[in-house]
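Below is one structure; the comments refer to it alone.
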Amino acid sequence: MIEARHLRVLRAVSTTGSFSAAARELGCTQPAVSQQMKALEASAGTALLIRTGREMRLTQAGEALVRHASGILAGLTAAEEEVAAIAGLRAGRVRLVSFPSGSSTLVPGALAALRAEHPGTRVSLVEAEPPRSVDLLREGDCDIALAFRYGSTGGEWDDLVVRPLLTDRLIGLVPEGHRLAEASSVSIGELAGESWIAGCPRCRRQLVEVCEESGFTPRIDFATDDYPAVMGLVGAGLGVAVLPELAVESVRPKGARAVPVEPAIEREIVALTLPDLARVPAVAATLDQLSRTASR
């Protein structure tokens, strides 16, 4: 195997014409230069230098190697500088996937702070609900996935690095003229006979489970992943809904009234990444900013 340090020595010998002059240029001893040249010739399998009096002359193979050495060493230098820039957060790329209410509440502040602190780091964003967002992470199509879970996931994320961000409480939504619109809080059971508007599949499943624990099965007349659509349907008097507080914060409910649900129903908001990615400086910095934004 030809090593970069041997190529640097060969180029110095070619430029200076002797081992001693190359040693002075490289800041090492003449025996060290001689030893490295022997190692390079052993790797190449042929002679690279011919001694002519007090000077060294390149063989045809040596000339070919020196000709390629400049490009190889320049490429290595560029690679070292690029890696150093990424490691020092002067450059870098992070692919982020988030569920919609996270995109409108947590992500903007975190990315603005990241850009201010590390302007060379670029972050791209696409939206997907879990479990699709987690699949994208495992498939290598993103670096960080914002996700949520209700209660225990039973080892669902054991292979991932999990950064808890915040606990998001579910909020009831009723039309402004609803009998419970002025209530300080509402229990799920009080909404048993209502027409329901459900959200994303994971939230929908959680809604059904919570309602069944309260002794009834919700009559879901409308289902949509679009939170503004949920609020619009509630505001038009077409039903009631339970949405995460982040979703309510992200869209001003027009014609709808937000009412706390008791007992509290909560979901955990987390940022996920792969163990190897967690050591990448730009990814680690993005996770830190998401944590800081969530704690405010």
Side-chain angles (χ1 to χ4, degrees), residues 96-112 125-133 136 145-150 165-214 216-269 293-294 296:
L96 176 63
V97 174
S98 173
F99 54 94
S101 58
S103 299
S104 59
T105 54
L106 293 174
V107 171
L111 297 194
L125 172 67
V126 297
E127 288 189 343
E129 298 275 2
R132 179 56 189 152
S133 57
L136 290 172
L146 253 61
F148 58 85
R149 59 183 170 188
Y150 295 95
L165 298 179
L166 58 86
T167 299
D168 190 22
R169 180 171 177 166
L170 297 191
I171 301 294
L173 285 174
V174 298
E176 284 186 345
H178 193 273
R179 58 188 171 84
L180 296 173
E182 302 300 327
S184 58
S185 65
V186 61
S187 69
I188 290 291
E190 292 179 271
L191 301 171
E194 303 284 346
S195 172
W196 282 86
I197 301 154
C200 73
R202 179 166 283 199
C203 294
R204 197 175 312 154
R205 185 167 60 249
Q206 176 68 11
L207 170 65
V208 172
E209 290 176 359
V210 168
C211 290
E212 288 180 345
E213 287 174 2
S214 295
F216 73 98
T217 299
R219 188 180 80 249
I220 298 175
D221 290 338
F222 303 96
T224 174
D225 293 349
D226 186 62
Y227 291 137
V230 173
M231 294 185 187
L233 291 166
V234 173
L238 295 171
V240 300
V242 173
L243 287 182
E245 191 169 8
L246 281 182
V248 177
E249 288 178 4
S250 66
V251 181
R252 189 170 183 174
K254 193 173 182 180
R257 187 65 59 89
V259 183
V261 174
E262 297 290 351
I265 305 167
E266 298 174 336
R267 65 176 184 171
E268 183 184 13
I269 309 297
T293 301
R296 290 172 188 152

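On a predicted model such as this, the values are computed, not experimentally measured, just so you know.
With sequence neighbours excluded, the residues forming a side chain to side chain contact (heavy atoms under 4.5 Å, CB included) with Ser187 are Glu190, listed by chain and number. Here Glu249 pairs with nothing under the salt bridge (Lys or Arg N to Asp or Glu O under 4.0 Å) rule; sequence neighbours left out. Considering only residues two or more places apart in sequence or on other chains, Arg296 meets the salt bridge (Lys or Arg N to Asp or Glu O under 4.0 Å) condition with none of them. Applying the side chain to side chain contact (heavy atoms under 4.5 Å, CB included) test to Arg219 and every residue at least two apart in sequence or in another chain returns Ser195, Asp221. Evaluation of the ring-ring contact (aromatic ring centres under 6.0 Å, His included) rule for Tyr227 yields no partner, not counting sequence neighbours. Residues that satisfy the side chain to side chain contact (heavy atoms under 4.5 Å, CB included) test with Ala236, not counting sequence neighbours, are Leu238.
Here the shortest heavy-atom pairing between Val259 and Ala181 reads CG2-O, 4.2 Å. When all heavy atoms are compared, the tightest approach of Ala198 to Ile220 is CB-CG2, 3.9 Å. The two residues Asp168 and Leu246 come nearest to each other via the heavy atoms OD1-N, 3.1 Å. The shortest non-hydrogen separation linking Val234 to Val174 is CG1-C, 3.5 Å. Scanning both residues, Cys211 and Pro218, for their nearest heavy atoms gives CB-CD, 3.5 Å. Here the closest non-hydrogen pair linking Ile269 and Phe148 is CD1-CB, 3.6 Å.
When side chains are defined from C-beta on, Gln206 does not count as touching Arg202, because their heavy atoms never get closer than 4.5 Å. A heavy-atom distance below 4.5 Å is found between the side chains of Val261 and Val186. Inter-residue side-chain proximity for Arg132 and Glu129 is flagged as unmet; no heavy-atom pair is nearer than 4.5 Å.
Atom-to-atom distance recorded for Ser104:OG and Glu127:CD is 8.0 Å, nearest 0.5 angstrom. Rounded to the nearest 0.5 Å, atoms CE (Met231) and CG (Asp226) are 10.0 Å apart. Here the SG atom belonging to Cys203 is positioned 9.0 Å from the CG atom belonging to Asp225, to the nearest 0.5 angstrom. Remark: Arg149 CZ to Glu266 CD distance equals 13.5 Å, nearest 0.5 Å. Leu207 contributes atom CG, which lies 11.0 Å from atom CD1 of Ile197 (distance to the nearest 0.5 angstrom). Atom CG in Leu243 sits 9.0 Å away from atom OG in Ser101 (nearest 0.5 Å).
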Original post:
Going through the distances and angles, do Phe222 and Val230 end up as a side-chain contact (heavy atoms from CB on, under 4.5 Å)?
Top reply: CA-CA 8 Å; Phe222 303 96; Val230 173; over 6 Å; no

**OP:** Show your reasoning for whether side-chain contact (heavy atoms from CB on, under 4.5 Å) applies to Leu166 and Leu106.
**Re:** CA-CA 10 Å; Leu166 58 86; Leu106 293 174; 3.7 Å; yes

Original post:
Passes side-chain contact (heavy atoms from CB on, under 4.5 Å), Ile188 versus Ile265? Steps please.
Top reply: CA-CA 10 Å; Ile188 290 291; Ile265 305 167; 4.0 Å; yes

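Of the possible polar contacts, one joining the Arg204 side chain to the Gly199 backbone as a donor-acceptor pair under 3.5 Å is found.
No salt bridge links Glu245 with Arg169; every basic N to acidic carboxylate O contact stays at or beyond 4.0 Å.
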